[in-house]
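One structure below.
Heavy atoms only: backbone and side chains are in, while hydrogens, waters and symmetry mates are out. Since the structure is predicted, the reported quantities are computational estimates derived from the model, not experimental observations. Sequence lines set the chain letters: A, B, ... in the order given, protein chains first and strands last, and positions in each chain run from 1.
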Amino acid sequence: MDRRTFMQLAAAPALFAATGAPAYRVVSNHAPAANPGMPGPYRGVVIRVHSDAAINSETERVDSAIVRKMLSNGMRSLTGAKADRDAWAHFFSSSDIVGIKVNCSGAPDIMSTPEVVAGIVENLLNVGLKPDQIYIYERFLDQLTSVHYDRYVPAGVHILAVETPRGSIRGYDPNTYVEVDFFGEDDTRSNLVRLVTERFTKIINVPNMKDHGAAGVTGCLKNIAYGNFSNVARSHMREKTNTLSFIGTLACVEPLRSKTVLNIMDGLRGVWHGGPFVQNKHFLFYPKLMMFGTDPVAIDRLLLDVIEEKRKAEGALSVWDRSLANIKPNSRQDIHANQFIREPGHIEYAAKLGLGEYDKSRIHVESLEL
Amino acid sequence: MMFAAILLLPRLLSPGAEPKDAVPLAPPRVQYRFNEASATRSPWIDANGWRMIRAPSRTFLYHVTGDAVALAAAEAFTYGSDALIATDASGTDVFNRMLDFLRQIPAADLNPVADIGVLDDASDAAGELMNLLTRQNLLYKLENAPDPSLRVNVRLGSKEYPSEEAGNPSLLAHKIRSQVGDENRSLRIYGSEVVIARFAANGRQARVYLLNYANRPVRGLRVRVRGAYARGEPRVFGVASADLEDWSRDGSATEFTVSELGTYAVIDLFR
């Protein structure tokens, strides 16, 4: 084995053989931390905080004070700390450089809510970080700038897109990548964001609650995986998608896995069909909740139920529907059709890679109502 | 075939001239066919390299205007072909700028590097296969008999490459690629689907030619070549002092990133 190549998926060949996953080659010179961030210290634990007043579904006005309370209650319940500062200090110290991985793929209709991100920044500052030790980041500039996070966070906080312009690979680490040939594409590498390998010491993952035409749903796992690597759209072609195995494989790559220490799912808004984008505002809904944890699999397992329940209520196909008869290209607005053979099994697959707990009987959910 | 010992520069065609024996070529470009079903997600590239490899002694003729003139001139230079370029006044200026750039490239005795041998029967099917190999940066050379030093030798109509397979050239090219093995390829490109490369080497140095067929620059192009090289000298059309980033050597290969690629670049590598 090459000195700089850690075959991190050494335990996975049997799994690959069983699922027919593509042959992945993971290249990284980063060794895992003694206690990787995912699934982290709270494996199988999810704190669910709901407030009917968090967002007005008519005006879309977000109540910042309620959001702060949701963050406070969620973090204190997760850690058992009595004070906010102590709760956040479980994960962060004043010497950390923290990346906040937002999701802006549905912006400006749905994105990591600026008030939520501002609340996270506020808590990091209270732990002792300086504004310039905090980075709000996303892959694509046009999506990120449409949100205007700068209006919500103190001056000095970095707000950065990785691909400027779109398609540029200079923001990615040439030495940390997953190599795989899905459909005969010639560019077979997906490289990890350079900030993750070279700058951040910790990452906070802030996904939304969304349906996803290829992955079934998109939450913690997909945001941290596809949101931190280049050249990932190649995993879908025609009705086939490789999200089943690719999402978990990417999320396992070091140092991404070790540095992602906290997942805060922003479910103030959600998308129940046509995701990850907002094809039609009719597909927006308002769960008005946030979920906290270190285990992305456990949170995403609950997300599956949220999206499935909403789709059922709206009369849409189940997220588990994989029938070829229901595949209709270019039918994103048809709730009785799928673009791809959906792969909600990516969450269970990630559990098998060791990223968290999928079995609901082993997930402890603490629900808080504000 | 050895090339680049004497640099063959493209020439402008005099207005009104009609060269009888020149082989007309399509303007080099990318066509993004978003609304058409295709075997791959990749954009369609109109590239002429395979025609030049097939007929190295012929003279070729481009009818191009604007920025396409630069790409046409660079394409002909890359394959060491004699080419005439017919253009308008705006194209003449572009041509002269590219010519100035090409004149800066030092002559060197270099041999084209190949992983694949193609026994060309002059058929359309063989031509289309060569076209696809070129577009996918699968390095090949033409031969009269199989070359045991190459990883793969392809003769359409043989037991291993039956004629019916040529009916699906994409699939056939992928089969050949699998037989070579990506890890064994002498050259790989990452970060763009619209850049075609050529690679030439001798025992002391190598040269990578990079043609960008799109009409916008590629920001960051990762290049991997087999062989251990200690340093590189980039010449990038339109960039005064080009630079190679993230140089690395890994086992038997060397990698680097060209920070910005407009139409054309030539990278010299030294051991």
Side-chain angles (χ1 to χ4, degrees), chain A residues 1-6 22-25 27-29 139-141 161-194 197-198 214 229-242 329-330 340, chain B residues 34-35 37-43 45 132-138 168 170-178 181-183 185 187-197 214 216-224 243-253 255-261:
Chain A
M1 187 175 76
D2 188 279
R3 185 178 61 81
R4 72 183 183 91
T5 304
F6 289 83
Y24 294 109
R25 188 170 78 96
V27 175
S28 171
N29 59 4
R139 287 180 62 206
F140 304 130
L141 183 66
V162 177
E163 291 189 19
T164 47
R166 190 179 284 226
S168 169
I169 62 169
R170 295 182 72 196
Y172 297 94
D173 183 342
N175 299 312
T176 307
Y177 56 87
V178 175
E179 185 141 31
V180 59
D181 175 2
F182 288 123
F183 297 107
E185 68 275 14
D186 198 47
D187 187 346
T188 49
R189 286 185 186 174
S190 290
N191 293 69
L192 182 56
V193 167
R194 198 187 281 264
T197 58
E198 296 181 0
F229 283 86
S230 66
N231 194 28
V232 289
R234 66 192 171 100
S235 67
H236 322 314
M237 193 164 83
R238 298 202 185 93
E239 75 281 0
K240 169 71 178 168
T241 160
N242 287 284
N330 305 316
F340 301 97
Chain B
F34 295 115
N35 297 320
S38 90
T40 75
R41 296 171 59 97
S42 305
I45 302 175
L132 279 181
L133 294 178
T134 303
R135 281 167 35 193
Q136 296 179 22
N137 289 313
L138 290 159
N168 189 338
S170 279
L171 205 59
L172 180 56
H174 195 252
K175 172 181 169 178
I176 293 167
R177 174 180 159 191
S178 300
D182 279 350
E183 69 282 7
R185 288 166 62 183
L187 177 139
R188 298 290 307 276
I189 297 291
Y190 304 97
S192 174
E193 293 183 300
V194 294
V195 172
I196 292 179
R216 56 178 177 265
V218 175
R219 315 273 184 191
L221 186 80
R222 190 77 177 157
V223 178
R224 179 183 192 271
D243 186 9
L244 300 178
E245 298 175 344
D246 295 312
W247 186 276
S248 71
R249 284 194 289 180
D250 174 16
S252 61
E255 293 193 12
F256 53 86
T257 299
V258 181
S259 55
E260 178 168 336
L261 174 64

Would you mind checking which part of B:Arg135 comes under 4.5 Å of any heavy atom in chain A, side chain (CB onward), backbone (N, CA, C, O), both or neither? neither
If one checks every heavy atom of B:Ser178 against chain A at 4.5 Å, the contacting part turns out to be neither
Atom of A:Asn231, atom of A:Arg139 and distance for their closest heavy-atom approach: N-NH2, 3.8 Å
Residues that B:Thr134 engages under side chain to side chain donor-acceptor pair (under 3.5 Å), provided they are two or more places apart: B:Tyr140
Heavy-atom cut-off 4.5 Å, strictly under: side chain, backbone, both or neither for B:Leu221 against chain A? backbone
Can you tell whether the side chains of B:Arg185 and A:Asp186 come within less than 4.0 Å, N to carboxylate O? yes
Specify whether A:Phe340 and A:His236 have parallel, tilted or perpendicular ring planes, treating 30° as the upper limit for parallel and 60° as the lower limit for perpendicular. tilted
Judged by modelled atom types alone, do A:Arg234 and A:Ser190 share a side-chain donor-acceptor pair under 3.5 Å? yes
For the interface with chain B, which of A:Asp173, A:Thr164, A:Asp187 has the highest count of heavy-atom pairs at distances below 4.5 Å? A:Asp187
Identify which part of A:Glu179 has an atom lying under 4.5 Å from any heavy atom of chain B, answering side chain, backbone, both or neither. side chain
Select one option (side chain, backbone, both, neither) describing which atoms of A:Asn191 are under 4.5 Å from chain B's heavy atoms. neither
Where on B:Arg216 is there a heavy atom nearer than 4.5 Å to chain A: the side chain, the backbone, both, or neither? neither
Relative to chain A, which segment of B:Glu245 carries a heavy atom at a distance below 4.5 Å: side chain, backbone, both, or neither? side chain
My understanding is that only residues two or more places apart in sequence, or in another chain, count here; which of them pass side chain to side chain donor-acceptor pair (under 3.5 Å) with B:Asp246? A:Arg194
